[in-house]
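Below: one structure in structure tokens.
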Amino acid sequence: MEQIANIVAGLDVEKVRKDFPILGTQVHGKPLVYFDNGATTQKPQVVIDAEARYYENYNSNVHRGVHHLSQVATNAYEQARQTVASFINAAHSHEIIFTKGTTDGINLVANAMSRRFLKAGDTVIISAMEHHSNIVPWQIACEDNGATLKVIPINEKGELQMEAFKAMLDETVKIVAVTYVSNTMGTINPVEEIIELAHAKNIPVLIDAAQAIQHISIDVQALKPDFLAFSGHKIYGPTGTGVLYGTTEWLNKLPPYQGGGDMIKTVTFAKTTYNELPYKFEAGTPNIAGAIALAAGIEYLQGLGLEKVQQYEEELMTYALQELRKIDGLRLIGDAAHRSGAISFLVHNIHPFDMGELLDQQGIAVRTGHHCTEPLMDLFRIPGTVRASLSFYNTKEEVDMLVAGVKRAASMLL
């Protein structure tokens, strides 16, 4: 274990694992092996403490009170916004909108675009590997306006067919919305090229970074997306939290998503004047504790060093793929040259649910099913996959346990 833990990327994984209380849990009498990080990551103690500290010490609403607790809470909430802005190198903290998660952020943009910028004959482009949360909001937007949803095809390895994408970029396209990293296959998409090609035709781009933000360093000023969304719970923060980044230009163009308190300057029965950014998009009492704890999760990751984390996770991914490929009858679903986070597979004709249940009996947590990418499953003509998704607190020893667990399950089911 010592060799595994300490050499790679200067990251002491055994020490890091002690920061995550749940990793000491037993499942069915066996140590938990947690490979469901794509669904949600586990939380370090500092995140749990940050959320508890808010409720214990300065629970109050933000932006509205002159009393001490409200000012402390407001300062902590706005400092969390600044932490996020710094993490992705946003030019201004007002370009950070706190949301419930990636789904909420994408719905915000799709709804606002639908109301102001989409009409019959227009086109929205997404890709064949999108999560339902980056398909359904755009379907609704297109249905409401008579616009057309077009889909970038993929090859058999699960990579975007970029020539087909280039051919789609005409004057009817009003927005391109694509995932940075596939939640099912782990494919890393060429988002820099996608943004550059779209911007050459003055088309805005939304990037779904839900599966990228925790694995890959993102600098929005260098990448230049118009919008970028991610979820707090996938980057070691609480559930029900998320971030929508938008450029000042685009956030000012969009109408408010929801009406209510805090997103207004003045209200009369005749007319309402909307608040400035970012509050224009944050109606009602926000998840204050969640935002503060999300910032704690980001600071924890920064403390480890994202470059070290990325290098370690890449080496772990390489090892996992190498060992899984040795299993008789195992078929990888998606085998892109550039990948991160997730590995999807099937073994012979075993149903993924059956494999998942037998792995669970061995204390190994994986995700089974269509992973909210049903069109992708239809493309591969499969009912679903077994998905193992990795984090920096996973070890090569755990990969070995997964491989042994898959072999044992297969011997029982075949």
Side-chain angles (χ1 to χ4, degrees), residues 9 11 13-25 27 31-51 80 83-84 87-88 99-105 131 133 179-184 186 188 208-218 229-243 287 289-306 308-314 316-317 320 339-344 363-368 371-372 387-395 398-399 402:
L11 199 66
V13 181
E14 288 309 307
K15 183 180 177 186
V16 163
R17 286 176 63 84
K18 292 184 173 69
D19 295 335
F20 293 80
I22 203 168
L23 297 183
T25 301
V27 174
L32 169 65
V33 176
Y34 187 77
F35 280 125
D36 195 19
N37 296 288
T40 195
T41 54
Q42 297 302 341
K43 317 308 170 197
Q45 190 64 52
V46 289
V47 168
I48 298 165
D49 291 345
E51 187 153 8
T83 297
V84 174
F87 180 59
I88 62 171
T99 66
K100 292 185 295 184
T102 307
T103 301
D104 193 33
H131 188 281
S133 62
T179 187
Y180 197 139
V181 175
S182 164
N183 72 301
T184 296
I188 301 175
D208 172 353
Q211 300 291 340
I213 192 72
Q214 67 279 56
H215 300 298
I216 300 168
S217 181
I218 295 176
F230 65 89
S231 299
H233 73 101
K234 295 184 193 291
I235 186 170
Y236 310 100
T239 56
T241 65
V243 168
N287 185 350
I292 292 165
L294 167 56
I298 288 172
E299 287 168 348
Y300 175 83
L301 189 58
Q302 287 175 308
L304 293 178
L306 196 54
K308 290 181 181 180
V309 165
Q310 188 171 347
Q311 185 185 337
Y312 176 74
E313 288 180 342
E314 284 173 0
L316 194 64
M317 169 70 76
R339 62 187 303 158
S340 179
I343 303 170
S344 270
I364 302 167
V366 295
R367 181 67 44 161
T368 57
H371 317 299
C372 290
R387 184 186 71 182
S389 45
L390 315 179
S391 167
F392 59 80
Y393 47 59
N394 292 126
T395 65
E398 288 184 319
V399 170
L402 171 64

Residue pair S389 / N394: nearest heavy atoms and the distance that separates them: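 Taking S389 first and N394 second, the nearest heavy atoms are O-OD1, 4.1 Å.
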Residues T40 and H233: side-chain donor-acceptor under 3.5 angstrom: yes
Test log, rule side chain to side chain contact (heavy atoms under 4.5 Å, CB included), inputs V16 and Y300: CA-CA 10 Å; V16 163; Y300 175 83; 3.6 Å; yes
Value rounded to 0.5 Å, distance of CD in E398 from CG in L32: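 So the gap between those two atoms works out to 7.5 Å.
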Side chain to side chain, V399 and L316, heavy atoms closer than 4.5 Å: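 In short, these two side chains touch, coming nearer than 4.5 Å.
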Minimum heavy-atom distance A39-R367, with the two atoms named: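 Closest pair (atom of A39, atom of R367, distance): CB-NH2, 3.4 Å.
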Closest non-hydrogen atom pair, P21 against I48: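 Nearest pair, atom of P21 first, then I48: CG-CD1, 4.1 Å.
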Exercise: identify the closest heavy-atom pair between A50 and A296: CB-CB, 3.8 Å
Ring centres under 6.0 angstrom apart (Y236, F392):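 Here the rings of F392 and Y236 have centres that are less than 6.0 Å from each other.
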Any side-chain heavy-atom pair of R387 and D36 under 4.5 Å: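 Yes, at least one pair of side-chain atoms sits under 4.5 Å.
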Distance-minimising heavy-atom pair for L402 and A388: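 Taking L402 first and A388 second, the nearest heavy atoms are CD2-CB, 3.9 Å.
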Any N183 side-chain heavy atom under 4.5 Å of H371 side chain: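 Yes. Closest side-chain heavy atoms under 4.5 Å.
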Pairwise distance OG1(T102) to NE2(H131) - rounded to 0.5 angstrom: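 If I round to the nearest 0.5 Å, the distance is 8.5 Å.
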CE on M317 to CD on Q310, rounded to 0.5 Å: 11.5 Å
From CG (L23) to OG1 (T25), nearest 0.5 Å: 7.5 Å
Working for side chain to side chain contact (heavy atoms under 4.5 Å, CB included), residues K308 and Q311: CA-CA 5 Å; K308 290 181 181 180; Q311 185 185 337; 5.9 Å; no
Interatomic spacing from NZ in K18 to CD in Q45 - rounded to 0.5 Å: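 Between atom NZ of K18 and atom CD of Q45 there are 14.5 Å.
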Note, N287 side chain near K100 side chain (heavy atom, < 4.5 Å): no
Approximate separation, where rounding is to 0.5 Å, of Q214 CD and S391 OG: 8.5 Å
Non-hydrogen side-chain atoms of E14 and T395 separated by less than 4.5 Å: yes
Heavy-atom side-chain proximity of Y180 to I213 below 4.5 angstrom: no
Derivation and outcome, side chain to side chain contact (heavy atoms under 4.5 Å, CB included), residues V84 and I298: CA-CA 7 Å; V84 174; I298 288 172; 3.8 Å; yes
Close side-chain approach of V27 and Y34, heavy atoms under 4.5 Å: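 In short, these two side chains do not touch, never coming nearer than 4.5 Å.
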Positive for side chain to side chain contact (heavy atoms under 4.5 Å, CB included) with I235, one of T241, T41, L294: L294
Sidechain-backbone polar pair: K234 side chain, N37 backbone, donor-acceptor under 3.5 Å: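 Answer holds: no.
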Heavy-atom check, side chain of F230 versus side chain of I218, under 4.5 Å: no
Closest non-hydrogen atom pair between R339 and S344, with its separation: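 Closest approach of R339 to S344, heavy atoms only: NH2-N, 4.4 Å.
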